[in-house]
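Structure record follows, encoded as structure tokens.
Keep in mind that this is a model prediction, so the values were computed, not measured.
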Amino acid sequence: MLFTFFVLCSALTPALCCDWLNQQFSHVTDKSLTLLQLMVEESQLVFIRDSLEFISELYRHGNLSSVTWDTNKTEHFLMNIHRQTDELNNCILNEERADVKLRKYFKRLTKSTLDRTGGSTASWELIRKETRLHLIQLELLVASINSRRRSAASPH
């Protein structure tokens, strides 16, 4: 009798497991894939936030007296960058910082332009153009994140 019960339980266990496989496996896999995507988005948000912080540091780094544009506009620009950084900080769950490559890029940019030339007009113009390119690239990254979120939220 005990042997029959053991055989019966042994035979039913795989059958019950298969029901789970049919009913729950995909659901759990979807949750896992969502969590993986969120982990990627978190690191992308850190990259965006830290890029904005480095851009802000560029404009606060040196003397803006040689720029040809209105410095009041620069202050408004920096307030916008600061606002974006603050809002992104609300979206980031941990204290992760950008990778070393991003930090080195902005350090090289500063040294090759502002430090080397003393903040010449041409250096500031190059910084302005590089900033514009970075902001466009960051906007593309944000659009990509938003697109993936909309795709994940829509029913399949």
Side-chain angles (χ1 to χ4, degrees), residues 17-156:
C17 181
C18 288
D19 285 343
W20 179 84
L21 189 64
N22 290 333
Q23 297 172 2
Q24 296 296 317
F25 183 81
S26 293
H27 178 69
V28 174
T29 299
D30 285 344
K31 283 185 176 182
S32 295
L33 290 171
T34 299
L35 290 170
L36 283 172
Q37 184 59 43
L38 290 173
M39 290 167 19
V40 168
E41 285 179 14
E42 175 94 7
S43 66
Q44 290 173 333
L45 292 176
V46 168
F47 176 84
I48 294 166
R49 181 213 45 211
D50 289 354
S51 294
L52 292 170
E53 286 178 353
F54 288 132
I55 288 170
S56 179
E57 287 175 22
L58 278 174
Y59 287 85
R60 299 205 186 281
H61 172 76
N63 184 358
L64 293 171
S65 63
S66 64
V67 299
T68 56
W69 61 79
D70 183 358
T71 54
N72 287 329
K73 288 186 173 70
T74 304
E75 284 306 312
H76 290 292
F77 166 77
L78 290 173
M79 286 189 301
N80 286 337
I81 296 292
H82 183 70
R83 178 178 177 204
Q84 289 175 305
T85 303
D86 282 349
E87 295 295 333
L88 281 168
N89 278 328
N90 293 330
C91 300
I92 298 171
L93 302 175
N94 60 37
E95 293 298 317
E96 183 182 353
R97 300 310 283 176
D99 67 356
V100 175
K101 290 179 185 178
L102 182 64
R103 184 176 312 282
K104 283 183 179 180
Y105 169 79
F106 278 97
K107 187 176 266 190
R108 277 193 318 271
L109 182 60
T110 301
K111 283 183 179 181
S112 67
T113 55
L114 301 176
D115 291 347
R116 188 169 288 155
T117 66
S120 70
T121 303
S123 293
W124 278 112
E125 190 56 30
L126 179 64
I127 294 291
R128 189 190 65 76
K129 287 178 181 176
E130 285 295 310
T131 299
R132 183 178 181 280
L133 290 174
H134 281 291
L135 291 176
I136 290 169
Q137 291 170 343
L138 293 176
E139 182 61 33
L140 290 172
L141 180 56
V142 168
S144 171
I145 291 168
N146 288 335
S147 174
R148 283 193 309 265
R149 284 183 176 178
R150 280 191 298 275
S151 295
S154 67
H156 299 297

* Asked: Given side chains that start at C-beta, do those of Glu87 and Gln84 come closer than 4.5 Å, heavy atoms only?
  -> no
* Taking Thr131 for the side chain and Ile127 for the main chain, is one N or O donor matched with an acceptor at less than 3.5 Å? -> yes
* Structure fact -> CG of Leu141 to CD of Glu41, rounded to nearest 0.5 Å, is 9.5 Å
* Can you tell me how far CD1 of Ile145 sits from OG of Ser147, rounded to the nearest 0.5 angstrom? -> 10.5 Å
* **Asp99 (side chain) donor-acceptor with Leu102 (main chain) under 3.5 angstrom** => yes
* Structure fact -> Heavy-atom closest pair (Ser66 atom, Ser120 atom, distance to 0.1 Å) is OG-C, 3.5 Å
* What is the minimum heavy-atom distance between Leu88 and Ile48, and which atoms define it? -> CD1-CG2, 3.5 Å
* Taking Ser56 for its side chain and Leu52 for its backbone only, find out whether a donor-acceptor pair lies under 3.5 Å. => no
* Asked: Within a strict 4.5 Å, meaning less than it, do heavy atoms of the Phe54 and Thr110 side chains meet?
  -> no
* May I ask you to test the Ser43-Phe47 pair for a side-chain heavy-atom distance under 4.5 Å? => no
* Calculate, to the nearest 0.5 Å, the distance between atoms CG and CH2 belonging to Leu58 and Trp124 respectively. => 7.0 Å
* Looking at His134, Glu139, Arg132, which hits side chain to side chain contact (heavy atoms under 4.5 Å, CB included) with Ile136? -> Arg132
* To do: Taking the side chain as every heavy atom from C-beta outward, state whether Glu125 and Lys129 have any atom pair closer than 4.5 Å.
  => yes
* Asked: Would the number of heavy atoms belonging to other residues, nucleotides or ligands and lying under 6.0 Å from CZ of Arg148 be above 12?
  -> yes
* Asked: Which distance, rounded to the nearest 0.5 Å, do you find between the CG of Asp115 and the NZ of Lys107?
  -> 10.5 Å
* Check whether any side-chain heavy atom of Glu57 lies under 4.5 Å from a side-chain heavy atom of Phe106, and answer yes or no. => no
* Roughly how far, to the nearest 0.5 Å, is the CD atom of Glu75 from the CG atom of Asn80? -> 11.5 Å
* Asked: Ignoring hydrogens and geometry, is there a side-chain-to-backbone donor-acceptor pair from Thr117 to Thr113 under 3.5 Å?
  -> yes
* For the pair Glu42 (side chain) and Leu93 (backbone), establish whether a donor and an acceptor sit closer than 3.5 Å, ignoring hydrogens and angles. => yes
* Ion pair Glu53/Arg97, N-O distance below 4.0 Å -> yes
* Structure fact -> CG of Leu109 to NZ of Lys111, rounded to nearest 0.5 Å, is 12.5 Å
